[in-house]
Amino acid sequence: MDYNFRSVEKKWQGFWAEQQTFKAETGGGKPKYYVLDMFPYPSGSGLHVGHPLGYIASDILSRFKRLKGFNVLHPMGYDAFGLPAEQYAIQTGQHPAVTTESNIRTFRRQLDHIGLSFDWSREVRTSDPGFYKWTQWIFIRFFHSWYNRKTDKAEAIESLISEFERNGNANVNAASGETHVFTAEEWKGFSEQEKEAMLQHYRLAYLADAYVNWCPQLGTVLANDEVQDGLSVRGGYPVERKLMRQWFMRITAYAERLLRDLDDIDWPEAIKEMQRNWIGRSEGAMVRFELETGPSDEPALIEVFTTRPDTIFGCTFLVLAPEHELVNRMTTDGQREEVAAYVKLAKNRSERDRMADVKTVSGAFTGSYALHPFTGEKIPVWIADYVLAGYGTGAVMAVPAGDERDFRFARHFKLPVPAIAKDVDISEEAYAGKDAIMINSGFLDGLPMYQAIGRAVEEIEKKGIGKGKIQYRLRDAAFSRQRYWGEPFPVYYKNGIPHTLDESALPLLLPEVDKYLPTESGEPPLARAKDWQTAENDPLETNTMPGWAGSSWYYLRYMDARNDQEFASREAVDYWEQVDLYLGGPEHATGHLLYVRFWTKFLFDLGRIPVHEPAKKLINQGMIQGRSSFVYRIKGTNTFVSYGLKDQYDTTAIHVDINIVQNDVLDTERFRVVNPDYANAEFILEDGSYHCGHEVEKMSKSRFNVVNPDDIIEQYGADTLRMYEMFLGPLEQSKPWNTNGIEGVFKFLRKFWKLFHDDELRFRVSDEKPAPEELKALHKLIRKVEEDIDRFSFNTSVSNFMICVNELTAANCHKRAILHDLVIVLASYAPHICEELWEMLGNEPGSLSHASYPVFNEAFLKEDSFEYPISVNGKVRIKINFPLDMPSEQLEQEVLGTETLQRYFEGKTPKKVIVVKGRIVNVVV
RNA sequence: GCCCGGAUGGUGGAACUGGUAGACACGCAGGACUUAAAAUCCUGUUCGCCUAAAAGCGAGUGCGGGUUCGAUUCCCGCUCCGGGCACCA
């Protein structure tokens, strides 16, 4: 029988589904192993060719681990809430759930055709009420928690309230917003509203007015990681800053732990570095500057944050962000007009414009002066948009001698630039280093700057004008979206105070609405729902949660996906603990991958799960780019010239559908048929064929370079697709998709099939004893594959399968003992063909998935003689064959006495013989 | 500007801690089988010199230096490409 991949693959995919071969049970004697792929958003265009790359790699690992005796959890699901389905709903009126459902069906069909060993009984969808019930439940826990810095973990809000009742907040050390100090008596005197307003400063999920990234076209707020270059990541629409009342997640409470724990997880250094930068820890000091004369008497201080308190004597002016709350009160009458004009200008400038011209210096003088805390000198207070309202205190002490931006600003507005570093030229630029010796700096004079930093903080604290502080760039995460297709908040309002629903009321189902747009008054779509209120007529929250809510904990749900009493049972979370290998694209570095760590730590603090990191090891599969093909039309004609000859003509490059190009050669007939405009096209060929040019670009329909996995499977089968995707190159490397080499893999599988068949393609294996070279070929492979799996070097494994099969073919080996083991080793990569041959070998059908993996035996690799490569002076190489069991001294003599080698000595004796692992590698003459 | 990652034949890529560079595959060239094609199989394929051929010789892992008996691998200085961050005080 010939290798018929179509029937073989259909048979086994059906078998696995029917038998639930890959269903994982919680518990049992085997060690557990949890392999997780980042779940996809089920977009309308189905799986793109980058998706299977990661899924295949994780599937190979899962199957390998199963064969190695692990209890493997390998689930899949869908990140099903999201913008495209909603936008489609706005255009067509079709409910996003309907679109999503049909997209999921397409995804599932595509995934099934690849032969992936998912446990579908644990499938999750974030938009499923059975799932988002628990997203809402977790939100309620966030709402009822605060972060205690003394215990360094989240605690129930009740412990905070009882502390308030006993002692007020004087002794509380919490991750919180700006609060004033109050006593227990004052707390008891607060109204209900006042109490709640105060608690909002402590809750881990809280409401606040804040500047947010507002995208008018999308009609919603976006998180920082959803904005790039002032445009929305999705859609590319402009984003502006807007003050809005929003739900926030107090992720900043976890900044230090999110940073510190990066050291303990086996994640790519690039991802960790991105998270470190995103968290942006900087050590420095808060310093208070007194104002010379308050225009009104109230604000007598400006607080700044600096990482270089050592340079404080070089501070010649202060700069506030234009949005700083003191700007208005600071401005003198004489400067009012200028300042107002500047504030207006800064406000109207979008983030994008602001970033576009970093070099342009702008600002305005407020007219007020502050006093230098050490010298008492008068220093002017300016405003400028190079100071950001959202970082630190929104105010800086400007040290033109030590900071490039301050330097430019001082130059532009002709402010003094006093030197603070010895022997450093600051006529052209600031000196931002830390190695110079301080001058003109009072008590710091003579110290090197890196020492002066600590000394300055000491003095600042002693004087009571400030204190050392660690500042983070990370900001609390905006958690409200003005959208329909997301999780409703389990929140209602009574007298303007937010309350969470009782857990028994969960899930709070997403209501039906007539349209998926905001209301005429600008309220989110949920405001359109009838009776969007509690039984007591209290209004429900109309915002929904952002896309990352569900994905921040979904990996836990897989552990016990059908539980309707808890998000996952204690037994399940204790057994599966955390993901052993997490695989996905690097684009989630500062979004999902940070949030999922955050939620994990929170649930750990509450004692709900036993681990504080979601995934032990993370691998990023590289992006798959497109490989576009081009034809070259001679300008003004309908004649196309082959790539190698195009420079002889004046041509235009035109994208051509890669489906009619093979190995860069164009199918000219189909080209004429497919493009009616070119029906009469002429071709100038080289070597009798038309060669196309190519370029690596993003994969897109308009570039005619999209490759659909279904098409590959149709033509070559899933096993070939699986192996070819791995063969393409290192998993973590980005690379263009190129179908050119797929024939090689396909040929390999046919050769493999033939090992089990005779020349007439009848199944035939012999029970002969394997020959030493056959065992050697097999065991070389067994060792290699295990090493490669450890290093996630799947591409070299594919090569090694080819080598092994080539050697067995050359040895005309059809022996059962060899083939039995070979089938098991290859089964992770090409499971369908292996299941089929496994059955043909007389094994229980389907038992391959849990067969026992062959044990590597070094003895089979032993050789009796060895071909020595020896270099002379590190250059010339000679190969000499010697028996392996020769004692090393005799060997050395023999080798040096060899005639071939003697020729290089020209009668001289070798000066030095280099021996590595008992073998001569180099001789110096 | 700052921080990561990379550069190896015509192409994708091998080479674990310094020890036979180019495994494996594609492509290409030649050959076998065939009426023919497909499929399959065999041979060759880093470049240059030399040779009828074999053998032989020389160069070679982006560029320039260095360490070493020996460097794709380690160190220093560049060039180019990819990714991330970017007025964060």
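No hydrogens, no waters, no symmetry mates; every other heavy atom, side chains included, goes into these values. Just so we're on the same page: letters track the sequence lines, and every chain starts at 1. Remember, predicted model here, so these are calculated numbers, not experimental data.
Annotation: side chain of A:F752 is in contact with side chain of A:L826 (closest heavy-atom distance under 4.5 Å).
Atom P of B:rA7 sits at a distance of 12 Å from the matching atom of B:rA15, rounded to the whole Å. When the C1' atom is used for both B:rA71 and B:rG66, the distance is 11 Å, rounded to whole Å. Nucleotides B:rU72 and B:rC16 are separated by 14 Å at their C1' atoms, to the nearest Å. Nucleotides B:rA23 and B:rU46 have their P atoms positioned 8 Å apart, rounded to a whole Å. Only the P atoms considered, B:rG18 is 11 Å distant from B:rC75, to the nearest whole Å. The gap from the P atom of B:rU61 to that of B:rC47 amounts to 15 Å, rounded to the nearest Å. Going from the P atom of B:rG22 to that of B:rG60 covers 16 Å, rounded to whole Å. For the P atoms, the distance linking B:rC41 with B:rC49 amounts to 35 Å, nearest Å.
When rounded to the nearest whole Å, the span between CE of A:M802 and C1' of B:rC26 equals 10 Å. What separates CZ of A:R281 from P of B:rA89 is a distance of 13 Å, to the nearest Å. Straight-line distance from the CH2 atom of A:W737 to the C1' atom of B:rC26: 14 Å, rounded to whole Å. A straight line from CD of A:E807 to C1' of B:rA23 spans 12 Å, rounded to a whole angstrom. Rounded to an integer number of Å, the gap from A:M726 CE to B:rC24 C1' is 16 Å. With rounding to whole Å, A:I279 atom CD1 is found 14 Å from B:rC85 atom P. Nucleotide B:rA89 holds its P atom 12 Å from the CD1 atom of A:I453, rounded to whole Å.
Under the side-chain hydrogen bond (donor to acceptor under 3.5 Å, both in side chains) criterion, A:E858 pairs with no residue, sequence neighbours left out. Not a single salt bridge (charged side-chain N to carboxylate O under 4.0 Å, His left out) links A:K469 to another residue, sequence neighbours left out. The side-chain hydrogen bond (donor to acceptor under 3.5 Å, both in side chains) test applied to A:E786 returns A:K68, not counting sequence neighbours. In this structure A:R411 satisfies the salt bridge (charged side-chain N to carboxylate O under 4.0 Å, His left out) test with no other residue, sequence neighbours excluded. Every residue meeting the salt bridge (charged side-chain N to carboxylate O under 4.0 Å, His left out) condition with A:R276, not counting sequence neighbours, appears here in chain and number order: A:D263, A:E269, A:E273. With sequence neighbours excluded, no residue forms a salt bridge (charged side-chain N to carboxylate O under 4.0 Å, His left out) with A:R750.
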Identify each atom pair where a protein N or O and an N or O of nucleotides 38-40 of chain B are less than 3.5 Å apart, giving names and distance.
residue, atom, partner, partner atom, Å
B:rA39, O3', A:R750, NH2, 3.2
B:rU40, OP1, A:R750, NH2, 2.2

Under-3.5 Å N/O pairs linking protein and nucleotides 29-32 of chain B:
none

N/O-N/O pairs, protein side and nucleotides 1-12 of chain B side, under 3.5 Å:
residue, atom, partner, partner atom, Å
B:rG12, O2', A:L728, O, 2.8

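Taken from OG1 in A:T393 to CZ in A:F305, the straight-line distance is 9.0 Å, to the nearest 0.5 Å. Remark: A:K434 NZ to A:T307 OG1 distance equals 6.5 Å, nearest 0.5 Å. Residue A:I312 holds its CD1 atom at 12.5 Å from CD1 of A:I453, rounded to the nearest 0.5 Å. A distance of 12.5 Å separates CG of A:D788 from CE of A:M726, quoted to the nearest 0.5 Å.
No hydrogens or angles considered: nothing links the side chains of A:T796 and A:S799 as a donor-acceptor pair under 3.5 Å. A:Q471 and A:Y391 share no donor-acceptor pair across their side chains, judged by distance under 3.5 Å alone. A:D719 and A:Y829 are not linked by any side-chain donor-acceptor pair at a separation below 3.5 angstrom, with hydrogens and angles left out of the test.
Using a 4.0 Å heavy-atom distance criterion, A:N800 is classed as making no nucleic acid contact. Among the protein residues, A:S734 comes within range of no part of the nucleic acid, since none of its heavy atoms lies under 4.0 Å from any strand.
For A:N806, the listed nucleotide lying nearest its side chain is B:rA25; candidates were B:rA25, B:rA23, B:rG13. The side chain of A:I914 sits closest to B:rC69 out of B:rC24, B:rC69, B:rC88. Comparing B:rG13, B:rA89, B:rG84 against the side chain of A:M274 picks out B:rG84 as the nearest.
Residue A:Y386 places no side-chain N or O under 4.0 Å from the OP1 or OP2 atom of B:rA89. Side-chain N/O atoms of A:R408 include none lying less than 4.0 angstrom from OP1 or OP2 on B:rC87.
Proximity of residues 784-794 of chain A to RNA chain B (heavy atom under 4.0 angstrom from any strand atom) is restricted to A:R791.
An anti orientation is assigned to B:rG58, its glycosidic angle lying beyond 90° of 0.
Within the structure, no pair that satisfies the salt bridge (Lys or Arg N to Asp or Glu O under 4.0 Å) test touches residues 728-749 of chain A, not counting sequence neighbours.
For RNA chain B, each stem of at least three Watson-Crick or G-U pairs (distances under 3.5 Å) is given as range with range: B:1-7 with B:79-85, B:10-12 with B:24-26, B:27-32 with B:40-45, B:46-49 with B:56-59, B:62-66 with B:74-78.
Ring planes of A:Y3 and A:F746: tilted class, angle from 30 to 60°.
Classification of A:E807 and A:K776 as a salt-bridged pair fails, no side-chain N sitting under 4.0 Å from a carboxylate O.
Residue-to-nucleotide contacts include no donor-acceptor pair under 3.5 Å from the side chain of A:N740 to the base of B:rC26.
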Please step through side-chain hydrogen bond (donor to acceptor under 3.5 Å, both in side chains) for the pair A:Y690 and A:D667, ending with a clear verdict. CA-CA 8 Å; A:Y690 188 97; A:D667 183 335; over 6 Å; no

